[in-house]
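Below you'll find the structure, written out as structure tokens, and then a few comments.
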Amino acid sequence: MTDPKPLRSAATYGKRDRDGFIHRSWMKAQGFPDHVFDGKPIIGICQTFSEFNPCHSHLRDIAEGVKRGVWEAGGVPLEFPAMSLGETQIRPTAMLFRNLMSMDVEESIRGYAMDGVVLLGGCDKNSPAMLMGAASVGLPAMLVSSGPMLNGKFRGTDIGSGTDVWRFSEEVRAGTMSNADFMAAEAGMSRSPGTCMTMGTASTLACIFEAMGLSLPFNGTIPGVDARRKAMAHRTGNRIVELVRSGATMADVLTREAFENGVKMCAAIGGSTNAVLHLLALAGRAGVKFDLADWQHLGASVPLLVDLMPSGRFLMEDFHYAGGVPAVVAELGEALHLDHVGVSGLSLRDIAGTARNDNPEVIRPLDKPLMAEGGLVILKGNLAPRGAVIKPGAASPELLQHRGRAVVFHSIEDFHARVDDPDLDIDASCVMVLQGCGPRGYPGMPEVGNMPLPRKLLEAGVRDMVRVSDARMSGTAFGTVVLHCAPEAHIGGPLALVRDGDMIALDTANASLTLEISDEEMEARAAAWVPTPPAYDRGWYKLYIDHVTQADQGADLDFLRGSSGSVVTRESH
Ligand code: FES
């Protein structure tokens, strides 16, 4: 069938001249007959399969599902590769490369003659990177996430990705678990392709993006290897062709209301602190006015409803079988913008209308929440004038209001060298401070903010302490951990000025973080502060260090904010 609406791809494949010959002829090397290029919508499938990224190792099969749906709807699917960021595999940290991946995706979408795009992937940085890139072009786009792994199993109990690594590791250091037992859990934790099955960053973002309308319903929770994920991919293929034919753009979905729904979903599911950075960066690309303070005033009063690790007990399979994101939407009701319409063509009101909560233990009813206020808290104060983040749901309630003596580590190497020193002057009431792990300082803002506790305190039974840094934390991690202090230490933020013995006050109820020194003392220390020269002077690292923004702006590159649209005016030859 010939599409009645002029398509972007027609400027490449529709021309009956030398240029059209070149574009079509070389594509025919793949065995495409003439009628493939008779005006059908071309759908790009952004493929992030990689054997270095086990969370995406099944995506070739998922792509086949999308292709079936695109062909069936009268479109032409063409797969293209993008950088793939395996969170647990790539060093020094995947976050260093999120913006690089977004540039790869943006220029691939713009440069190739596609009319719409399906984005495949879900390991932490990949989905925000792909959406950021796609938003800077603006064509219709849909996300098909990798889906979570099957629940972890170890000696008769469920174990959760990341969450139980951190827990077991501390028990080994405390002497309450043998290293042999720890190693025995390894294969049982990761039993299938897919993303971490706790409410880590991947699951958080997949659920948030579903609530924002960037995927079909249940994209956030169907297990990666469940046949229903491939069926959903097939329906995504159907739907992206319809979106292209309707003239939709990504901006139709990426509205201010969508971001507000995302913040509230994050609170209700006990989502990762990393979502703060990714949504800020995505809003910057989409040109939506949305800032760090929105996380505080929109999310703070939303109850925590989903009982998943690391804030609770269950895992993503349980969440899906209980009813997934649609059931949470139904519980939250009018707290959300229910009239927001996503790429499915359905409003959240439509989705809530057919939702079921089949396990109120996993998805709590609104009147029986796990926690009355589940949102992330954005702390302000002289230690983080541009903000810091804490996740109360994953913290120890008794430490959320705390005053303690600072024990300062100047880098992650300094931390590793000294944390288990028996002579380290530290007790359970102290506040552990880590400097030099922000966007520019590390560089790349690694997930080290949940510093392991000193062995001597673990042996004494201590399991949580207040920790403060400019780093991030894995969404699977837990503890009373203050993250993303901005400005970061490396550029002379107040975190750089903390000294051993200073008193730090964390007041989560009042959203404040205070270094208890006088303004005069702060100014004197700032005047004496000596910057460290950048450790890298070439390649991507240099570009990143020179242009990355602070955490309160999403740690995107300054020149990537906004959109360049989809138009390319010059031919390739
Ligand atoms: Fe890929 Fe956790 S390591 S989602």
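Computation of the quantities below employed the complete heavy-atom set of this structure, encompassing side-chain atoms and omitting hydrogens, waters and symmetry-equivalent molecules. Counting convention: from 1, in listed order, for ligands and their atoms alike.
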CA sep, side-chain torsions, deciding dist, call: Arg285, Ser102, side-chain hydrogen bond (donor to acceptor under 3.5 Å, both in side chains):
CA-CA 10 Å; Arg285 299 297 186 95; Ser102 80; 2.8 Å; yes
Proximal protein heteroatoms (N, O or S) of atom 1 (Fe) of ligand 1, under 2.8 Å:
Cys55 SG, Cys123 SG
Step by step, would you call Asp61 with Lys230 a salt bridge (Lys or Arg N to Asp or Glu O under 4.0 Å)?
CA-CA 8 Å; Asp61 190 42; Lys230 191 166 179 180; 2.7 Å; yes
Between Ser136 and Arg110, does any side-chain donor sit less than 3.5 Å from a side-chain acceptor?
no
Is it true that the NZ or CZ of Arg463 lies under 6.0 Å from the centre of Phe478's six-membered ring and within 45 degrees of the ring axis?
no
Mutual orientation of the aromatic rings belonging to Tyr536 and Tyr541 [parallel < 30°, tilted 30-60°, perpendicular > 60°]:
tilted
Assess the side chains of His278 and Arg98: does a donor N or O sit below 3.5 Å from an acceptor N or O?
yes
